[in-house]
> 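Below is the structure I would like to discuss, written out as structure tokens.
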Amino acid sequence: MSIFIDENICNGCKGLAEARCERICPGDLCYRKENTKAAIRDQSACWTCACCVKECPVQAIELRLPFQVCSNGASLKVRLKPDKTIWSVWDADKHQEEFIIQAKRLKGDK
Amino acid sequence: MGIINIDTDILIIGGGAAGCFAAVEIYKKSPNCKVVIMEKAHIERSGCLAMGLNAINAYIHSGQTPESYVSYVEKQFMGVIRKDLVYSIAQGLNDAVKDVEEMGLPIDKNEDGTYKERGKRSIHIFGERLKPILAEAVEKTPAQVLNRVVATNFIYNGKRVCGAFGYGVRNSTFYVVRAKAVIVATGGASGIYKPSNTGGARYLMWYCPWNVGTGYAMGIRIGAEMTSFENRFIALRVKDVHAPTGTIAVGAHSKQINARGEDYLERYYKHLGGIKCFTQHRLLATIEETKAGRGPCYLDTTTLSEANERKLKEDFLNMNPQIILLWASKGMNPRNKPVEIQGTEPFVVGGHCQAGYWIDKERRTTIKGLYAAGEVAGGAPKKYVSGSWVEARIAAITAMEDIKGISLVNIDDRVIQIEKGRVLSPLNKKSGISPLEMRERLQKIMDEYAGGISANYALHEERLLEARRLLKSLKEHIKDMSAVNNYNLVEALECIDRIDVARVLVEHLIYRRETRWSCYQTRLDYPEKNDDRWSVFVNSVYNPEADEIIMVERPLCK
């Protein structure tokens, strides 16, 4: 598994022509199912670039790594602010580590 | 199925680092010039920069000069580079970086406002959002962006490129874009060789898996001259997740050690008279150590301070979040255990190595009306992202100049119908070879007969001749491919492009009968570098009528 979409959180970006993950995925892997929840069409075609994770405004998508590479359990979520990116990483024991990193210069920044 | 016709002055194919920069440049210099970007994905997050970037590795710090930059690249590539191209890139690096900083990219600075020196030619950036920043700059221009339109072929009348065909995967519509000039900026090619991760992890690779060499293939199919495909690139990366080793080695000053804890690099470059280890020798050394039973090899991160460990993690999140997950899943930190490294499968790229279109100093290809910039342009290795921006600027300026007095060309409807039929034919078959089967067959051939991972990247003539034969027969099966939907159709088109690139690559690998670049191009049957005979560029031109690849040699320029 490369990404996990939590259907309890996903609202399918109701009202938009495309779900945000569908719009952004560089590999065209995300789509909206008939029940209006987002889904990934092929886990084995995922680059694990986290673009969809970053784009989801309700943090319904987690980045994971395929089991072929390492055991499951760890996951990662992202929140984007206008000038910074906030990363939350959970290890297999659910310990959380958070990173807040500048990502964009706003007008007036040196 | 419908057809959308679009007319423009300049068509840019590929909205990545080079493509976006070119569009912004054209608007700055000539705001009335009409620009269309044809982009396979969405320009906000497409191509190699989709994941982000934590360093710019081509920059001229104070004390360095464009001349010293050229001399560095020339040494790293054993004397065979286009010095004129690399010099023109070196001259523009700092201005291009400044432009992107002004677009919004945060760059690590000293107190006096100069950029912090990360390495001799490198600066440290906070580039998680580099691609959205470039896309936002494009949005401020009137350029028309065709997202989710896959370029399929140039429109070529035998004299000049007059535009390009594309297929819109969202609206199932065929695009005919006429242009006075076309800038190709589609990136390099992944997926030619069997990847290091297979099965359910097969797309967990170094290079963007959707950069499949389409720009190369479209050029090959109209007989554009290509150069140096044999100068393949193999990245030395963190095992399985392909995180950049430079972030650790350059950014955190960690040593490369073997399983016995020995710093092994010196053995592989000191005798060559160098004072520093070349990129290719870091890879060679790691493979040789492993072959000799002293692997696995590692980057020794155990000496990191706690604060630097945190910084390292932040740098990786900006470029390769997978490694953070890898550590988290193992419940470990880099200070507890060295990080294992390995070589990736080979890629065909013009940004790290120099495979690509043969171009003049102004970035004209050998076909009129067609310009190349970024990874798809050959002869100028180590250009990376900032060099791609410079090339985009040069190509844009040249194209703007050349279109003066040029008119759009009428396109025969039969030509449109033929291309449309070719593109859609996999959808019209109920059963056949799936794109996945086709891709895996190609990757197996290349891995086994053209120096993939399973061959430790080594090449020799008999195997390469077998690759040539197998690829020719594989091409005959293209007509048997079937696709069930648009996503699948794009995969099929990608296979066609990859096969065209692979065939040219194999001819280049056969032709250079020496060993010029360790691992990238190691010939078991010609193990020595032969400067008297092979200080030349190996180029090729495809003849579509005869389905024949003609090899050409070009001398080194001054």
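To find a chain, count down the sequence lines: A is the first, B the second, and so on, and within it residues start at 1. All values below were derived from every heavy atom in this structure, side-chain atoms included, with hydrogens, water molecules and symmetry-related copies excluded.
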> Of all the heavy-atom pairs spanning B/Ala50 and A/Cys51, show the shortest one and how long it is.
O-SG, 3.4 Å
> Specify which of B/Ser46, B/Ala41, B/Pro321 makes the most heavy-atom pairs with chain A at under 4.5 Å.
B/Pro321
> Which region of A/Ala50, side chain (C-beta onward) or backbone (N, CA, C, O), has a non-hydrogen atom less than 4.5 Å from a non-hydrogen atom of chain B, or is it both or neither?
side chain
> Checking A/Leu76 against chain B: side chain, backbone, both or neither under 4.5 Å from a heavy atom?
both
> If you count heavy-atom pairs within less than 4.5 Å of chain A, which of B/Gly331, B/Cys208, B/Gly199, B/Gly127 leads?
B/Cys208
> To the closest 0.5 Å, what do you measure between CG (B/Leu204) and CG (A/Leu65)?
6.5 Å
> Less than 4.5 Å to any heavy atom of chain B: does that hold for the side chain of A/Asp93, its backbone, both, or neither?
neither
> Tell me, side chain or backbone of A/Val89 under 4.5 Å from chain B's heavy atoms, or both, or neither?
side chain
> Give a yes or no on this: more than 12 heavy atoms of other residues, nucleotides or ligands lie within 6.0 Å of atom NZ of A/Lys14.
no
> What is the distance from atom NZ of B/Lys40 to atom CG of A/Asp28, rounded to the nearest 0.5 Å?
10.0 Å
> Nearest 0.5 Å, what's the CZ-SG distance between B/Arg202 and A/Cys46?
12.0 Å
> Under 4.5 Å heavy-atom distance to chain B, tell me which part of A/Trp47 shows up: side chain, backbone, both or neither.
both
> Taking atom NZ of A/Lys77 as the centre, does the number of heavy atoms from other residues, nucleotides or ligands within less than 6.0 Å exceed 12?
yes
> Do B/Tyr203 and A/Ser44 have side chains that approach each other closer than 4.5 Å (heavy atoms only, starting at C-beta)?
no
> Between B/Glu491, B/Glu136, B/His242, who has the most heavy-atom pairs with chain A when the cutoff is under 4.5 Å?
B/Glu136
> Give me the atom names and distance for the closest heavy-atom approach of A/Pro82 to B/Arg129.
O-NH1, 3.2 Å
> Can you tell me if A/Lys37 has over 12 outside heavy atoms packed within less than 6.0 Å of its NZ?
yes
> Quick check: do B/His42 and A/Glu55 have side-chain heavy atoms less than 4.5 Å from each other?
no
> Measure the spacing between CD of B/Glu314 and CD1 of A/Ile101 and express it to the nearest 0.5 Å.
4.5 Å
> Is the side chain of A/Arg105 donor-acceptor paired with the backbone N or O of B/Glu101 at a distance under 3.5 Å, no angle test?
yes
> Using atom types as modelled and distance alone, determine if a side-chain donor or acceptor of B/Arg148 lies under 3.5 Å from a backbone N or O of A/Arg23.
yes
> To the nearest 0.5 Å, what is the distance between OG (B/Ser329) and CH2 (A/Trp90)?
15.5 Å
> Which atoms of B/Glu494 come close to chain A, meaning under 4.5 Å heavy atom to heavy atom: side chain ones, backbone ones, both, or neither?
neither
> So which part of A/Pro26 gets closer than 4.5 Å to some heavy atom of chain B, the side chain, the backbone, both or neither?
both
> Taking all heavy atoms of A/Leu29 and all of B/Trp210, pick out the closest pair and write down the distance.
CD1-CZ2, 4.2 Å
> If every non-hydrogen atom of A/Ala103 is compared with every non-hydrogen atom of B/Ile133, which pair is closest and at what distance?
O-CD1, 3.8 Å
> With rounding to the nearest 0.5 angstrom, report the CD to CZ distance, A/Glu22 to B/Arg170.
5.0 Å
> Taking atom NZ of A/Lys81 as the centre, does the number of heavy atoms from other residues, nucleotides or ligands within less than 6.0 Å exceed 12?
no
> Hey, does the Lys NZ or Arg CZ of B/Arg310 hover above the aromatic six-ring of A/Phe99, less than 6.0 Å from the centre and inside 45° of the axis?
yes
> Step by step, would you call A/Thr85 with B/Asn318 a side-chain contact (heavy atoms from CB on, under 4.5 Å)?
CA-CA 9 Å; A/Thr85 304; B/Asn318 282 336; over 6 Å; no
> Who among A/Gln68, A/Gln43, A/Glu18, A/Arg41 has the most heavy-atom pairs with chain B under 4.5 Å?
A/Arg41
> Do other residues, nucleotides or ligands put more than 12 heavy atoms under 6.0 Å from the CD atom of B/Glu306?
no
> Identify which part of B/Val169 has an atom lying under 4.5 Å from any heavy atom of chain A, answering side chain, backbone, both or neither.
side chain
> Could you tell me which of A/Gly27, A/Ser75, A/Cys25 has the largest number of non-hydrogen atom pairs under 4.5 Å with chain B?
A/Gly27
> Hey, are B/Glu128 and A/Lys54 close enough for a salt bridge, meaning a charged N less than 4.0 Å from a carboxylate O?
yes
